[in-house]
Amino acid sequence: MKEVHEFHVDSARYLDDHGKPLSELPPQAGNTDRVLAAYRNMVLTRTFDSKAIALQRTGKCGTYPSVLGHEVVGTAIGQGMAKSDVFVPYYRDQAAHILRGVSLRELLLYWGGDERGSAWQNCPEDLPISVPIATQCCHAVGVASAMKIRDQLRAVVCCIGDGGTSKGDFLESINLAGAWHLPVVFVVINNQWAISTPRSLQSGAETIAQKAISAGLPGHIVDGNDYFATIEALDAAVERAHGGKGATLIEAVTYRLGDHTTADDATRYRTAEDLKRAWEKDGIKRLQNWLHDSGHWSPDKEKALQADCKQAVEKAVEEYLATEAEPPTAMLDYLFETLPAALQPQRDQIANKYRGGTA
């Protein structure tokens, strides 16, 4: 029997669970300003996340998906992208959104049910948050196709969870990206859970990264709690896309430290012991330890950062709560470019009631 081809999936990790180097660090570790900016963004994201959950619990925000455990991956995505690139997110990408220029107020508006929260002021070409599973992958290859047709040196970065990689939308999208040699980076954030379904039951594949092979793409695995491994992979994948060399799939392995959303109770399907072990691998603490050991951080700097992040979040919350609500007609105004005739009477009825003060 003749062997046709041998395939390879690599895995990268530079820091142990306590932030100690396991080997020589990549060049990205030498850019101290960038590393410090990354750490600050992670802390800001976690501070925002905690407040958003509190707002939901007090009835001031809608159902919200915690980003706890995803801060490292999201930060690397935000830093790895060029301003001219297009971000195609899913619903747990707050860390990347912040670096792309989305304000905390806009994020709160979105999760508060206000459509104006999808109209990013500083990154208007980035696509809105996708709650449906894997549909954003189809949009990503569509945008990347337009870039290639126009000969633009730009890239699309698309995020998806581990569960979403079992959907046909994802598989069709990576196949098209490989066949058409598109400038798109698929980042699969493997947080071990598709709501309550563990990774072990989602796919018979040993890794998610190897799914890239069937589409003709390079597939890489990184420790999603290791900033240096993750930013190195993002930088390389985006550079590859900008250089016209095609798409990449990155599997960032981490753990969802919170519930799936505020409508979920993860204690029903995972153990306290598993969660405790996951917290011991926390990427923010890992990077903080490395910064301390490298002489770039101190308790006083940490205290000041925590205070700054809290102040920024509280200011955003005040602005969000002070925003005048949209009229009830907004629930129909953003569904179609042109409202179908069958829905027009309903909109008219809502508008009449609103003007009458009873809506």
Side-chain angles (χ1 to χ4, degrees), residues 9 65-78 80-81 85-97 100 110 126-145 155-178 182-225 230 233-234 237-238 241 246-256 258 260-261:
V9 175
S66 174
V67 72
L68 203 60
H70 287 222
E71 299 93 345
V72 172
V73 182
T75 295
I77 291 169
M81 295 179 68
D85 293 337
V86 173
F87 186 40
V88 180
Y90 84 138
Y91 48 81
R92 217 182 298 275
D93 284 323
Q94 294 91 315
H97 285 307
R100 294 291 292 164
Y110 176 86
D126 284 1
L127 270 60
I129 295 168
S130 177
V131 174
I133 305 300
T135 56
Q136 73 275 17
C137 299
C138 302
H139 306 151
V141 294
V143 175
S145 298
V156 178
V157 176
C158 176
C159 281
I160 186 171
D162 44 294
T165 65
S166 299
K167 293 288 295 296
D169 310 68
F170 168 77
L171 299 170
E172 293 167 11
S173 296
I174 63 171
N175 183 72
L176 188 61
L182 297 178
V184 56
V185 179
F186 296 97
V187 181
V188 180
I189 304 177
N190 177 4
N191 67 17
Q192 312 304 317
W193 295 98
I195 308 182
S196 59
T197 303
R199 165 68 182 89
S200 60
L201 298 180
Q202 295 173 41
S203 172
E206 183 177 352
T207 70
I208 291 175
Q210 72 195 61
K211 295 185 179 186
I213 296 169
S214 65
L217 311 182
H220 308 286
I221 302 172
V222 299
D223 182 340
N225 292 323
T230 310
L234 259 297
V238 171
T248 303
L249 189 153
I250 298 169
E251 176 187 355
V253 181
T254 182
Y255 195 91
R256 194 192 75 214
H260 176 66
T261 70

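For the single chain, residues carry numbers from 1 onward in sequence order. The model shown is predicted, which means the values in this text are computed figures rather than measured ones.
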Kindly write out the residues that satisfy side chain to side chain contact (heavy atoms under 4.5 Å, CB included) with [X], not counting sequence neighbours, or none if the list is empty.
X: L176; answer: V141, W180
X: V72; answer: M42, Y227, T230
X: S214; answer: none
X: A144; answer: V156, L182, P183, V184

* side chain to side chain contact (heavy atoms under 4.5 Å, CB included) between I250 and V188, worked out -> CA-CA 6 Å; I250 298 169; V188 180; over 6 Å; no
From [X] [atom1] over to [Y] [atom2], what is the distance, rounded to the nearest 0.5 angstrom?
X: E251; Y: I208; atom1: CD; atom2: CD1; answer: 4.5 Å
X: D126; Y: M81; atom1: CG; atom2: CE; answer: 5.5 Å
X: T165; Y: L171; atom1: OG1; atom2: CG; answer: 7.5 Å
X: Q202; Y: R199; atom1: CD; atom2: CZ; answer: 6.5 Å
X: I189; Y: T254; atom1: CD1; atom2: OG1; answer: 8.5 Å
X: H70; Y: Y90; atom1: NE2; atom2: OH; answer: 4.5 Å

* Can you name the residues that form a ring-ring contact (aromatic ring centres under 6.0 Å, His included) with H260, not counting sequence neighbours? ->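 Checked H260 against ring-ring contact (aromatic ring centres under 6.0 Å, His included); matches are Y91.
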* Are D162 and Q192 close enough, and set up right, to give a side-chain hydrogen bond (donor to acceptor under 3.5 Å, both in side chains), and what steps lead you there? -> CA-CA 7 Å; D162 44 294; Q192 312 304 317; over 6 Å; no
Could you tell me whether the side chain of [Y] reaches within less than 4.5 Å of the side chain of [X], counting heavy atoms only?
X: S130; Y: V88; result: no
X: I221; Y: V253; result: yes
X: L249; Y: F170; result: yes

* Trace of the side chain to side chain contact (heavy atoms under 4.5 Å, CB included) decision for I129 with Y110 -> CA-CA 9 Å; I129 295 168; Y110 176 86; 3.6 Å; yes
If only atom types and distance count, is the side chain of [X] paired as donor or acceptor with the main-chain N or O of [Y] below 3.5 Å?
X: E172; Y: D169; answer: no
X: Q94; Y: E71; answer: no
X: R256; Y: I195; answer: yes
X: S173; Y: C138; answer: yes

* When you look at D85 and V157, which way does the side chain to side chain contact (heavy atoms under 4.5 Å, CB included) test go after all the steps? -> CA-CA 8 Å; D85 293 337; V157 176; 5.6 Å; no
* Would you please test V187 and I77 for side chain to side chain contact (heavy atoms under 4.5 Å, CB included) and show each step? => CA-CA 9 Å; V187 181; I77 291 169; 4.0 Å; yes
* **R92: salt bridge (Lys or Arg N to Asp or Glu O under 4.0 Å) partners, not counting sequence neighbours** =>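 None.
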